[in-house]
Amino acid sequence: MKKVLFINQEIAPFVPIDSEMSLMGKELPKVLNEQGNEIRTFMPRWGNINERRNQLHEVIRLSGINLIINDTDHPLIIKVASIPGTRVQVYFIDNVDFFSRRHTMAVDEKGAEYADNGERAIFFARGVLETVKKLRWTPDVIHCQGWMSAVIPFYIKKAYNEEPCFADCKVVTSLFNNGMKGKLSEQFQQCVEFGDARKEMLDGYKEVFDYNELAKLAIDFSDGIVEGSEEVNPDLLSYAASKNIPLLNYQGEECNGEAYNAFYESL
């Protein structure tokens with residue numbers, strides 16, 4: 001059995017609208033936990049999450065560090081709650097400016113995407129990885145879903161590759177058909193620099209990142225790809241195939257734990 005770290009953009013029922021991604025974010029950790037795997041799960045503490053209803057509480061021992069992004073200190077707050085009806089805990093990455101003060105997820109009340117979504121994704125990624133270090137927990141597999149987790153594979157392979165808890169792990173990315181609609185700001189490539197993860201390493205991508213460029217970034221630094229939706233962009237699947245990256249085909253709405261276990265084992 002494996003130690004599996006799930007880094008999810010959405011998990012039902014914490015987000016107000018169930019999506020294919022949020023339902024998978026709930027069911028897959030639950031199924032794999034029931035099959036004996038050791039699970040840790042993370043997601044952003046979106047501003048539309050009702051803390052009282054979902055019984056979130058802060059984990060003081062994990063909170064308190066600052067992450068510097070774009071020359072600005074951003075305090076990291078960690079909260080935790082359990083997925084109802086399961087034994088799976090979810091760690092929430094929170095920050096007043098990036099998450100809890102906003103009442104929506106990726107877009108504002110007028111439907112416009114937040115200009116700092118790139119910085120928010122970077123803060124989320126680094127917040128997860130720094131928290132896992134604090135937990136002193138060594139995953140065998142890191143499974144990412146959603147554009148908010150797209151820089152995780154890059155950081156694992158370039159910025160955190162010498163950290164003992166990440167040095168030998170395999171990274172898996174799930175591709176869905178409900179990606180980010182707009183583009184990240186031109187500052188994204190500069191802000192993503194951290195440790196040995198350098199801006200120059202992104203020269204092969206478009207200057208301005210949209211969902212497809214983020215997905216390609218995730219693919220390039222992943223050890224395996226999962227077809228999370230029935231209708232994933234075929235260009236992204238072809239891109240993964242051109243890199244000879246192992247692919248787990250769409251498993252349907254029911255989480256096939258045996259298929260995922262076998263896929264993890266094959267990497």
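Hydrogens, waters and symmetry mates play no part in the numbers below; they use all other heavy atoms, side chains included. Note that the structure is predicted; figures quoted are calculated from it, not measured. Start at 1 with the first residue, then count along the sequence.
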Worksheet item: Taking everything shown except Glu186 itself, do over 12 heavy atoms lie less than 6.0 Å from its CD?
Response: no
Worksheet entry | Hydrophobic cluster membership, Tyr114 vs Met180, 4.5 Å side-chain cutoff | no
Worksheet item: Atom CD in Gln190, atom CG in Asp71: separation rounded to 0.5 Å?
Response: 8.5 Å
Fill in: Atom NE2 of His103: over 12 foreign heavy atoms under 6.0 Å
no
Worksheet entry | Nearest-0.5 Å distance that lies between atom CG in Asp140 and atom CG in Leu267 | 11.0 Å
Practice prompt. Determine, step by step, whether Asn37 and Asn261 satisfy the side chain to side chain donor-acceptor pair (under 3.5 Å) criterion, reporting the C-alpha distance in whole Å, the side-chain angles of both residues, the deciding distance to 0.1 Å, and the verdict.
Written response: CA-CA 9 Å; Asn37 296 286; Asn261 277 319; 3.1 Å; yes
Worksheet item: Pick one: which of Asn70, Thr72, Leu76 meets side chain to side chain contact (heavy atoms under 4.5 Å, CB included) with His74?
Response: Thr72
Fill in: Shortest non-hydrogen contact between Asp223 and Lys170, atoms and distance
OD2-CA, 3.3 Å
Discussion item. I want to check something: taking the side chain as every heavy atom from C-beta on, are Ile83 and Ile11 in contact at a cut-off of under 4.5 Å?
Written reply: yes
Discussion item. Would Arg126 pass as a cation-pi partner of Tyr155, given that its NZ or CZ must be under 6.0 Å from the six-membered ring centre and within 45 degrees of the axis?
Written reply: no
Practice prompt. Report yes if the side chains of Ser185 and Glu119 come closer than 4.5 Å at any heavy-atom pair, otherwise no.
Written response: yes
Item to complete: Report yes or no: is the cationic atom of Lys216 (NZ for Lys, CZ for Arg) closer than 6.0 Å to the six-membered ring centre of Tyr239, at no more than 45° off its axis?
Response: yes
Worksheet item: Can you tell me how far CD of Glu227 sits from CG of Leu247, rounded to the nearest 0.5 angstrom?
Response: 6.0 Å
Item to complete: Provide the closest heavy-atom pair for Asn54 versus Pro13 in the form atom of the first, atom of the second, distance.
Response: OD1-O, 4.3 Å
Practice prompt. Please test Ile60 against Ser63 for side chain to side chain contact (heavy atoms under 4.5 Å, CB included), starting from the C-alpha separation and ending with a verdict.
Written response: CA-CA 5 Å; Ile60 302 297; Ser63 300; 5.7 Å; no
Item to complete: Check whether any side-chain N or O of Ser22 sits under 3.5 Å from a backbone N or O of Asp18 as a donor-acceptor pair, and report yes or no.
Response: no
Worksheet item: Does the Ser222 side chain pair with the main chain of Ile225, one donor and one acceptor, at a distance under 3.5 Å?
Response: no
Item to complete: Inspect the contact between Asp94 and Lys79 and indicate whether a charged nitrogen and a carboxylate oxygen are less than 4.0 angstrom apart.
Response: yes
Practice prompt. May I ask whether Val4 and Leu23 are part of the same hydrophobic cluster, defined by side-chain heavy atoms of I, L, V, M, F, W, Y residues being less than 4.5 angstrom apart, directly or through others?
Written response: no
Discussion item. I'd like to know if the side chain of Glu38 pairs up with that of Trp137 as donor and acceptor (distance under 3.5 Å, no hydrogens or angles considered).
Written reply: yes
Practice prompt. Please test Glu10 against Ser19 for side chain to side chain donor-acceptor pair (under 3.5 Å), starting from the C-alpha separation and ending with a verdict.
Written response: CA-CA 8 Å; Glu10 304 171 13; Ser19 65; 2.7 Å; yes
Discussion item. For residues Ile77 and Ile69: do they belong to one hydrophobic cluster (side chain heavy atoms under 4.5 Å, members Ile, Leu, Val, Met, Phe, Trp, Tyr)?
Written reply: no
Response to the item:
salt bridge (charged side-chain N to carboxylate O under 4.0 Å, His left out) with Arg102: of Asp116, Asp108, Asp97, only one passes, and it is Asp116
Worksheet entry | Pairwise side-chain contact, Val141 with Leu5, heavy-atom cut-off 4.5 Å (strictly under) | no
Worksheet item: Does a side-chain heavy-atom distance below 4.5 Å link Pro246 with Ser266?
Response: no
Item to complete: Kindly assign one of parallel, tilted or perpendicular to the pair Phe123 and Phe99, based on the angle between their ring planes and the thresholds 30° and 60°.
Response: tilted
Fill in: Cation over ring face, Arg40 and Tyr91, 6.0 Å, 45°
no
Worksheet item: Are Phe154 and Ile245 connected, step by step, through hydrophobic side chains (Ile, Leu, Val, Met, Phe, Trp, Tyr) whose heavy atoms are closer than 4.5 Å?
Response: yes
Discussion item. I'd like to know if the side chain of Glu113 and the backbone of Lys181 have a donor-acceptor N/O pair within less than 3.5 Å.
Written reply: yes
Item to complete: Check whether any side-chain heavy atom of Phe209 lies under 4.5 Å from a side-chain heavy atom of Lys183, and answer yes or no.
Response: no
Response to the item:
d(Phe188 CZ, Leu202 CG) to nearest 0.5 Å is 7.0 Å
Worksheet item: Salt-bridged, Lys133 to Glu163, with N to O below 4.0 Å?
Response: yes
Practice prompt. Indicate the atoms forming the closest heavy-atom contact of Ala81 with Leu56, along with that distance.
Written response: CB-CD1, 3.8 Å
Worksheet item: Hey, does Tyr260 have a side-chain heavy atom less than 4.5 Å from the side chain of Val226?
Response: yes
Discussion item. If we ignore hydrogens and angles and just use 3.5 Å, is the side chain of Gln9 paired with the main-chain N or O of Met148 as donor and acceptor?
Written reply: yes
Item to complete: For residues Cys169 and Ile156, report the shortest heavy-atom separation together with the two atoms involved.
Response: SG-CG2, 4.0 Å
Discussion item. To the nearest 0.5 Å, what is the distance between CZ on Arg45 and CG on Asn95?
Written reply: 11.0 Å
Practice prompt. Would you sort out whether Asp220 and Tyr205 count as a side chain to side chain donor-acceptor pair (under 3.5 Å), showing the intermediate values?
Written response: CA-CA 11 Å; Asp220 284 340; Tyr205 303 94; 2.4 Å; yes
Worksheet item: Counting only heavy atoms not in Gln35, do more than 12 sit closer than 6.0 Å to its CD atom?
Response: yes
Fill in: Transitive ILVMFWY side-chain link Val59 to Ile49, under 4.5 Å
yes
Worksheet item: Between Phe124 and Phe92, does the ring centre distance come in under 6.0 Å?
Response: no
Worksheet item: Shortest non-hydrogen contact from Trp147 to Ala121?
Response: CZ3-CB, 4.2 Å
Worksheet entry | Flag if over 12 foreign heavy atoms under 6.0 Å of CG, Asp73 | yes
Worksheet item: Minimum heavy-atom separation for Asn8 to Gly25, with atom names?
Response: ND2-O, 3.6 Å
Worksheet item: With distance as the sole test, does Ser82 use its side chain to make a donor-acceptor pair with the main-chain N or O of Pro84 at under 3.5 Å?
Response: no
Worksheet item: Do the non-hydrogen side-chain atoms of Val172 and Phe6 ever get within less than 4.5 Å of each other?
Response: no
Practice prompt. Quick one: do His143 and Tyr264 satisfy side chain to side chain donor-acceptor pair (under 3.5 Å)? Show the steps, please.
Written response: CA-CA 10 Å; His143 193 149; Tyr264 296 155; 2.7 Å; yes
Worksheet item: Between Asp235 and Asn212, is a side chain to side chain contact (heavy atoms under 4.5 Å, CB included) present by the stated rule, with each step listed?
Response: CA-CA 9 Å; Asp235 291 339; Asn212 282 349; 5.9 Å; no
Fill in: Approximate separation, where rounding is to 0.5 Å, of Ile7 CD1 and Thr173 OG1
9.5 Å
Worksheet item: Looking only at atom types and distance, does a side-chain atom of Gln145 sit under 3.5 Å from a main-chain N or O of Met21, one as donor and one as acceptor?
Response: yes
Worksheet item: Do Phe42 and Ile93 have side-chain heavy atoms sitting under 4.5 Å apart?
Response: yes
Worksheet item: When you look at CD of Glu207, are more than 12 heavy atoms from neighbouring residues, nucleotides or ligands closer to it than 6.0 Å?
Response: no
Discussion item. Closer than 4.0 angstrom, basic N to acidic O: yes or no for Glu130 and Lys134?
Written reply: no
Discussion item. Please check if the number of heavy atoms outside Asp196 that lie under 6.0 Å from its CG is greater than 12.
Written reply: no
Discussion item. Is it the case that over 12 heavy atoms from other parts of the model lie below 6.0 angstrom from the CD atom of Glu231?
Written reply: no
Worksheet entry | Side-chain (Asn50) to main-chain (Arg52) donor-acceptor, under 3.5 angstrom | yes
